[in-house]
Chemist: 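This is the structure, below, for whatever I ask next.
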Amino acid sequence: MIDIRLIRDQPDLVKDAARKKGMKVDIDQVLAVDARRRALETEFNELRSRQNAAGEKMAKASKEQREAIKAEMTPIKARLAEIDAEKQQVDESLRQLMLLVPQIPDAAAPIGASDAENVEVRRVGTPRRKDEFGFPFKDHVELGTRLGIIDMDRGVKLAGSRNYVLKGAGAMLHEAVLRLAWDMMIERGFVPMTVPVLVLDKLMEGTGYFPLGRDQAYLCERDGQSLVGTAEVPVTGYHMDEILREDELPKLYCARSTCFRREAGAGGKDTYGLYRIHLFDKIEQVVICKAEAAESARWHQAIIKNATDLLDALELPYRLLEVCTGDMGQGKVRMFDIETWMPSRNAYGETHSASSFHDFQSRRLNLKYRDAGGKIHVCHTLNNTVVASPRILIPLLELNQQADGSIRIPESLRAYMGNRCDIR
RNA sequence: GGAGAGAUGGCCGAGCGGCUCAAGGCGCCGGUCUUGAAAACCGGUGAUGGGGCGACUCAUCCGUGGGUUCGAAUCCCACUCUCUCCGCCA
C-alpha cells in the first residue's frame with residue numbers, strides 16, 4: 001500500500017511505477033473512487049453534525065419540540081443510511097484497488113521487464129564447473145542417494161511431487177546450516193523468535209503476499225488462515241497495529257520457519273532435485289526502521305552482508321544481483337538477489353533475496369512509530385534470507401564432493417555435525 | 001470439547017440510553033517551588049479521515065459486525081479473542 005495522497009498528487013509517478021513493474025492497475029479508477037469516497041464522507045459528516053446537534057437539543061426539549069425535531073431528522077436519517085451503504089461499498093472497492101497499487105521503485109533500480117535484465121553487481125569466489133573436479137562429477141541427488149542422506153522417491157511417495165526426505169547426515173547437515181545461521185544472527189544483535197507459520201489472511205495481505213500472490217500459498221480457508229512461504233510474514237507482522245517509539249528502532253529480528261510454497265505456475269520448471277520444492281526451512285532476517293531512505297538503504301546493505309558473510313563461512317562462490325523493476329514484485333523499492341554457484345545447473349542459482357519495501361508493508365500492516373517530537377510516521381521494513389535449506393545443500397554437497405563420493409564438511413559446520421569432517 | 005466470567009484511551013479502572021465532546025488514578029510532557037533532584041501543587045497529554053495557508057474546525061473510533069432508537073460505550077443478536085474450572089492431549 002502506498003499513501004493515497006501520493007496518487008492524488010502525482011498520479012503519473014504511480015502510473016510510471018506500474019509500467020516499470022509490468023503491472024496492470026487502473027490509477028484513474030483509483031482516483032475516481034477516491035473522489036467519490038471523499039464526497040460521500042463530506043456529506044455524511046455534514047448530516048451527522050446536524051444530527052448530533054439535534055440530539056443535544058432533544059435532551060432538554062419539551063414534548064412538542066421533540067416531535068418537531070424527530071420529524072426534521074427523519075429525512076436526514078434516511079439519507080445517512082443511504083450514504084452509509086454506498087460508502088461501505090466505495091470503501092471496500094477502494095481498498096481492493098489500493099491493494100493492487102505498486103510501491104514506487106527506487107530511481108537507482110535497473111529498469112527491465114524480466115529476470116533477464118537483472119544486473120550483476122559482483123562475484124565472489126571461483127565457480128567450479130562439472131568438468132573441473134578432476135573426477136566424474138555427481139550431482140546432489142546422486143551423491144545424496146548413494147550416501148543414503150537424500151531420498152527423493154520416498155518424499156514423493158509421502159507427499160507428491162516436489163517433496164523429499166533427508167535422513168542421517170543429510171538431516172544433520174540441513175540442521176547444521178540453519179544452526180550456523182541462527183547463531184551468527186544472534187551474535188550480530190538480531191533477536192531470535194519462533195513464530196506461527198499458519199497465519200491469518202490479513203497478515204498475508206499486510207506483508208503483500210495477498211491478493212496477488214495468493215495462488216502461491218497453501219490456504220486453510222475454513223479457518224481464514226494460510227501457511228506462510230517465509231517467516232517474513234509473521235515477523236514483519238509482529239508489530240502490526242502498533243505505534244512504536246523511535247528510540248526502540250531499529251527492530252532487528254530473525255526467525256526460523258518452515259516455508260510452504262505451492263510453486264503454482266512453475267509448471268515443469270526445476271523439477272529435479274532439491275531446488276524447487278514445496279517445503280523447506282529458512283532463517284529469515286527482518287528489519288523495521290525509521291522512515292528515512294538513507295537509513296533503509298544502510299540496513300539493506302547490512303542484511304546483504306549478513307547473508308554473504310554466511311556464504312563466505314560456508315566457502316561457497318556466489319554473485320550479487322540487483323533485481324530489475326519488472327522482476328522485483330509489487331511492494332519493493334529495491335531488491336537484490338544472491339545466487340550461489342551450483343555445478344549441476346552449470347549456473348548460479350538463487351539462494352537469497354534481500355528486499356527493501358520502505359512503507360509499503362507498514363501501511364498495510366498499520367505499523368508506525370512516534371518520533372521524539374510526538375509526530376507519527378509509517379515505519380520502513382526490509383528482509384533477507386540468512387539461509388534456506390535444503391536448497392543451499394545443492395552447492396554445499398556438490399562443491400564439497402570428493403573422488404570417492406564422500407562429502408567434505410566445511411569447517412564452520414563441523415561443530416554442528418558432531419565434529420565430523422566428512423560424510424561417507 | 002463442556003460450564004462460567006470478561007473485552008473501555010500508553011496502563012489500571014468507573015460509566016450500563018441524552019450534563020460523557022469517556023470520571024478518577026498511574027504514566028508521560030510543561031510549569032511553580034528547590035542549590036540540584038525528589039515530593040507537593042498547577043496545566044497539558046489518543047488515533048484515523050474530511051475541510052482550511054493557518055490559529056482551527058467537522059466527523060468517526062469504548063473487541064468486530066449487524067440491529068433497536070430522534071439519540072448507543074450503555075439495550076438486542078451474531079462472531080472473535082482473553083481468563084477461570086472440567087475433559088482430552090505433545
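Chain letters run A, B, ... following the sequence lines, proteins first, then strands; residues in each count from 1. Owing to the predicted nature of the structure, the values given are computational and were not obtained by experimental measurement.
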Chemist: What string of B, S and - do you get for nucleotides 64-80 of chain B, 5' to 3', when a contact is any protein heavy atom under 4.0 Å?
Modeler: --S---BS---------
Chemist: Can we say A/Glu205 and A/Arg95 salt-bridge, meaning some charged N sits less than 4.0 Å from an Asp/Glu carboxylate O?
Modeler: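 Between A/Arg95 and A/Glu205 there is a salt bridge, with a charged N closer than 4.0 Å to a carboxylate O.
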Chemist: Is it true that A/Arg36 and A/Glu86 make a salt bridge, defined as a side-chain N closer than 4.0 Å to a carboxylate O?
Modeler: yes
Chemist: Just wondering, are more than 12 heavy atoms of other shown residues or ligands nearer than 6.0 Å to CD in A/Glu248?
Modeler: yes
Chemist: Using the P atom as the reference point in each nucleotide, state the distance between B/U74 and B/G15 in Å, no decimals.
Modeler: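 Those two atoms are separated by 15 Å.
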Chemist: Can you tell me the distance, in whole Å, between the CD atom of A/Glu43 and the C1' atom of B/C58?
Modeler: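 Distance check: A/Glu43 CD to B/C58 C1' gives 15 Å.
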Chemist: Polar-atom pairs under 3.5 Å, protein N or O versus N or O of nucleotides 43-52 of chain B: list them with distances, or write none.
Modeler:
from: B/A47; atom 1: OP1; to: A/Arg370; atom 2: NH1; distance (Å): 3.4
from: B/U48; atom 1: OP1; to: A/Lys368; atom 2: NZ; distance (Å): 3.1
from: B/G49; atom 1: O2'; to: A/Glu41; atom 2: OE1; distance (Å): 3.4
from: B/G49; atom 1: O2'; to: A/Glu41; atom 2: OE2; distance (Å): 2.9
from: B/G49; atom 1: N2; to: A/Asn45; atom 2: ND2; distance (Å): 3.3
from: B/G50; atom 1: OP1; to: A/Arg8; atom 2: NH1; distance (Å): 3.2
from: B/G50; atom 1: OP1; to: A/Arg8; atom 2: NH2; distance (Å): 3.1
from: B/G50; atom 1: O2'; to: A/Thr42; atom 2: OG1; distance (Å): 3.2
from: B/G51; atom 1: OP1; to: A/Arg38; atom 2: NH1; distance (Å): 3.2

Chemist: In whole Å, measure the gap between the P atoms of B/A37 and B/G31 for me.
Modeler: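 These two P atoms come out 11 Å apart once rounded.
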Chemist: Is A/Asp84 paired with A/Lys87 through a side-chain N to carboxylate O contact shorter than 4.0 Å?
Modeler: no
Chemist: Just name whichever nucleotide pairs with B/G24, Watson-Crick or G-U, keeping both distances under 3.5 Å, else none.
Modeler: B/C12
Chemist: Could you tell me how far B/G54 sits from B/A39 if I compare only their C1' atoms? Round to whole Å.
Modeler: 41 Å
Chemist: Provide the distance between the two C1' atoms, one in B/A38 and one in B/C61, to the nearest whole Å.
Modeler: 39 Å
Chemist: Are any of the side-chain nitrogens in A/Arg298 or A/Glu295 under 4.0 Å away from the carboxylate oxygens of its partner?
Modeler: yes
Chemist: Decide if the gap between the ring center of A/Tyr253 and the ring center of A/His239 is smaller than 6.0 angstrom.
Modeler: yes
Chemist: When rounded to the nearest Å, what value does the distance between C1' atoms of B/U57 and B/A72 take?
Modeler: 25 Å
Chemist: Roughly, in whole Å, what's the span from CG in A/Asp247 to P in B/C28?
Modeler: 14 Å
Chemist: Does B/A59 have its OP1 or OP2 closer than 4.0 Å to a side-chain nitrogen or oxygen of A/Asn52?
Modeler: yes
Chemist: For the pair A/Arg391 and A/Glu350, find out whether any cationic side-chain nitrogen is under 4.0 Å from an anionic carboxylate oxygen.
Modeler: no
Chemist: Using whole Å, what does the distance between atom P of nucleotide B/G10 and atom NE2 of A/His239 come to?
Modeler: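 To the nearest whole Å, that distance equals 17 Å.
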Chemist: Under 4.0 Å between a Lys/Arg side-chain N and an Asp/Glu carboxylate O for A/Arg363 and A/Asp3?
Modeler: yes
Chemist: Sticking with atom P, work out how far B/A3 lies from B/G9, rounded to a whole angstrom.
Modeler: 30 Å
Chemist: Which whole number of Å gives the distance between the P atom of B/A73 and that of B/G36?
Modeler: 49 Å
